[in-house]
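Reading through the structure tokens given below for one structure.
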Amino acid sequence: MGVVEDKIREKFKCVKCGHGRCKTKELAMTGSGLSKLLDLQHNHFLFVSCENCGYVEVYNPSILEGRKGQLGTILDLFFG
């Protein structure tokens, strides 16, 4: 697992039910135009789901990873 996934798991608290455990799953998708035609999956998203109620949040890991120095601050804003 990556650094982003580890940090999310450490700080996770479900906004719906307050549960403290989650599962993460990365999903890659094609874009539009030429990337769709060639099946180039360059859009990556991180799905974070609560293990209690199943509520899902979606994040763009490249944005979170691009701010490595601020990763803790960003995650604190999301998860408190």
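Residues F12 and H19 come closest through the heavy atom pair CE2-O, 3.6 Å. The nearest pair of heavy atoms linking I8 to C22 is CG2-SG, 4.4 Å. Among all heavy-atom pairs drawn from P61 and L46, the shortest one is CD-N, 3.7 Å.
The line from SG of C50 to CD of E57 is 9.5 Å long, rounded to the nearest 0.5 Å.
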